[in-house]
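This is the structure, below, for whatever I ask next.
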Protein chains: 2
Amino acid sequence: MSGGGKKVTIRDVARRAGVSPTSVSLVLSGKAASLPEATRERVRRAAQELDYRADLLARSLVTRRTNIIGIVVPDLTNPFFAEAVRHIQPALAERGYDVILCNSEERAENDLRYIRLLAGRSVDGLLLAPSAEAFTEPYSRTLRKLLGELGIPYLFFDRYFEDEPWVAVDNEGSSLLAARYLMEQGHEKIGVITGPLSLNSSRNRLAGVRRAYAERGLCLRSEWVYEGKYDIATGSAGCAELLGRGVSAVFAFSDMQAYGVYAGARRAGRRISADLSVMGFDDSVFSSVLEVPLTTMRQPVRQIAEEACRVLLARVESGETLRPQNFAAQLVLGKSVAALPHEREREKSSQ
Amino acid sequence: MSGGGKKVTIRDVARRAGVSPTSVSLVLSGKAASLPEATRERVRRAAQELDYRADLLARSLVTRRTNIIGIVVPDLTNPFFAEAVRHIQPALAERGYDVILCNSEERAENDLRYIRLLAGRSVDGLLLAPSAEAFTEPYSRTLRKLLGELGIPYLFFDRYFEDEPWVAVDNEGSSLLAARYLMEQGHEKIGVITGPLSLNSSRNRLAGVRRAYAERGLCLRSEWVYEGKYDIATGSAGCAELLGRGVSAVFAFSDMQAYGVYAGARRAGRRISADLSVMGFDDSVFSSVLEVPLTTMRQPVRQIAEEACRVLLARVESGETLRPQNFAAQLVLGKSVAALPHEREREKSSQ
DNA sequence: ATGACTTAGTAAAACGTTTTACTTCCCCTT
DNA sequence: AAGGGGAAGTAAAACGTTTTACTAAGTCAT
């Protein structure tokens, strides 16, 4: 291992440029307004010749800023979070921040542990999508207390408390659109597979469905609602249950669940679309390659990610609390939702 | 923002325990063999009462260790890497290391940029899966030179140079198994969709296929080999191309590509299995929910991830270079590979 | 009584920056 | 000639640890 000899410090640069370390620091951080260009140039050249790179640890020790943002997500193998992180990281890198990533594996205990750990690393800010568990007592109380004590700017994304700063898709509005679309296709018995109802995202999406029902003067029967997790297994199990309750369509609150519904329907001998309509939420990359492409609500993940960075950094750098923009998901038509027969008849006769 | 008043330093603890900061440091890091238990206890209590947490920045500045490992992956939305990171992170956390994650987006320029940036953060080690581009000139030269100069322990995973330390699945052996299986099912015209051939993983998998052909005294025709990327689009494009060349089966070097093959076959009016057999590589979570579940080679991602951590930390902590274990992928039977008619006949008649 | 150990501790340097509070010199105004 | 004010810098403190090299006091064998 070479290591390349001793480390080049600011002192070495100072010596070579014939100035004090102070001046080097000033010049290199662009605060040397008072120094003449000649000196600045000399310092810059010396730094370049020695390939000097400031030691970020030493800098952070004195400035109390690390330029690191901590991220906690519940499940990296969930395409939504993978994609979110994928967009967040370069958005932050561009502004000079690095990312320490933690995966809580949907366990509140890990959320707390990782947040403490990130605080111990003096991160400048936290981007949080806690586990579903973390929104239940006693975890939620502990979590909020902890965040209060730490004094580190934080922002929730995708999963949130209503009274804390957050960025997420417009859950209610988006699922209202989805449910309306299903109803326009003639479905009035729509099974719903939700995520954990401890999550606002799930509750709000459910509220959207209820609103769609209400608009038609109907009511969502509680036996058509299946609460689960945002995973494939939930989709299969939910499908099995809902099929027995006579629904003509299933609205899954994530594409992962929708994939499970596909599997469940197949197992029950039902064809997607022909026998059972399916609506997803997310528009994961796999949805379009399915034999029956999934009709789903596309989350603008990239925009959400970038907005989250923008809002968090505003808090970090100037303490302002921006009002985050709202993002609507967009209906992506696949082939998994069929118009119901009588509805089709009506369309025909109206031509 | 509360912030909770002034920061508690080692001096505060020292004052309260009535000893010097030196002693506190010694006790808290367990190196105070010479101090009597009474004193140690006093120090520990004082630390606890004040809720003292050592400032990791200050510590790192003097110890020159950060307990951070930098990871660079080419694409987080690829389930293989998402899962790998998911396993790596807790494996490292368990041993006291945090992870700074970077996503190169398959661009060599970013590989280099991020490695420099991680070095600037004084990470203790690097876990690298560079972009395909990084294995071509001039990037590969630059990359290796850079790593040599930095003097930071590193380990390649999944993607590697033969003469550098790495951990990965046994590519050649695994694809040999896959190809043998296809041949046992009667396929002798197997189209292959590879990843970038700049990658050892792709080349070695291809070598495995060639060996399987050789075992039967046959030869893999070059027109049956389609080089692409490890993504869905490549799968579709490759499928279209290979179908025109009369293959009865396609071996895709990743499940993502296999999904593309499914889509491509559908577009061409061919049924998976009945008209075209498909073999994948990875066993991503979606493969089992497909209408025709994918037959694929399961990579032991978790084991690879944990082995990578073990080997890297050995280098970091004691400078030893362990010989990494070899991992074979395992055949997972779906329904995407059919036995060819004449083969089926033979089986029947032999009963 | 001496020297050699051991025990219980500490003072101060070091890590590599940034930042604060100066100093020195020169020019300009009155 | 005195004083003000900018220009061009710098010395030293500070950030919060760890580590090195010591001290002071007591114990024990000779």
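Each chain gets a letter, A, B and so on, in the order the sequences are listed, and its residues count up from 1.
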For atom NZ of B:Lys31 and atom P of D:dT17, their distance in whole Å: 14 Å

For B:Glu106, side-chain hydrogen bond (donor to acceptor under 3.5 Å, both in side chains) partners two or more places apart: B:Arg159

Where B:Leu155 and B:Val167 come nearest, the two heavy atoms and their spacing: CD2-CG2, 3.9 Å

Value in whole Å for how far the C1' atom of D:dT19 lies from CZ of B:Arg65: 16 Å

Trace of the salt bridge (Lys or Arg N to Asp or Glu O under 4.0 Å) decision for B:Glu306 with B:Arg302: CA-CA 6 Å; B:Glu306 287 174 352; B:Arg302 180 172 183 163; 3.0 Å; yes

Show the distances under 3.5 angstrom between N or O atoms of the protein and N or O atoms of nucleotides 4-8 of chain C.
{"from": "C:dA8", "atom 1": "OP2", "to": "B:Ser34", "atom 2": "O", "distance (Å)": "3.0"}

Side-chain-base donor-acceptor pair under 3.5 Å for B:Thr63 and D:dT19: no

Any B:Ser25 side-chain nitrogen or oxygen under 4.0 Å from OP1 or OP2 of D:dT17: no

Rounded interatomic separation in angstrom, taking CZ from B:Arg64 and P from D:dT17: 16 Å

d(NZ, A:Lys7; P, C:dA14) in whole Å: 18 Å

By salt bridge (charged side-chain N to carboxylate O under 4.0 Å, His left out) - contacts of B:Asp55 (at least two apart): A:Arg64, B:Lys7

Qualifying salt bridge (Lys or Arg N to Asp or Glu O under 4.0 Å) pairs with a residue from residues 89-102 of chain B, counting only residues at least two apart or across chains: A:Arg121-B:Asp98

DNA chain C contacts among residues 41-60 of chain A, heavy-atom distance under 4.0 Å: A:Tyr52, A:Arg53, A:Ala54, A:Asp55, A:Ala58, A:Arg59

Pair A:Trp166 + A:Tyr160: ring centers closer than 6.0 Å: yes

Nucleotide nearest B:Ser23 when distance is taken to its side chain, options C:dG9, C:dA12, D:dG16: C:dG9

Ionic contact status for A:Arg53 with A:Asp51, cut-off 4.0 Å: yes

Donor-acceptor pair (no angle test) under 3.5 Å: A:Thr22 side chain, D:dA11 base: yes

Atom-pair distance (CG on B:Leu61; C1' on D:dC15), nearest Å: 9 Å

Rounded distance (Å) that lies between atom C1' of C:dA11 and atom CD1 of B:Ile10: 14 Å

Between D:dT19 (P) and B:Leu28 (CG): distance, integer Å: 13 Å

Sequence-distant partners of A:Ser29, side-chain contact (heavy atoms from CB on, under 4.5 Å), two or more places apart: A:Lys31

Nearest-angstrom distance from the residue atom CZ of A:Arg11 to C1' of C:dA14: 10 Å

Salt-bridge criterion met for A:Glu105 and A:Arg107 (N-O under 4.0 Å): no

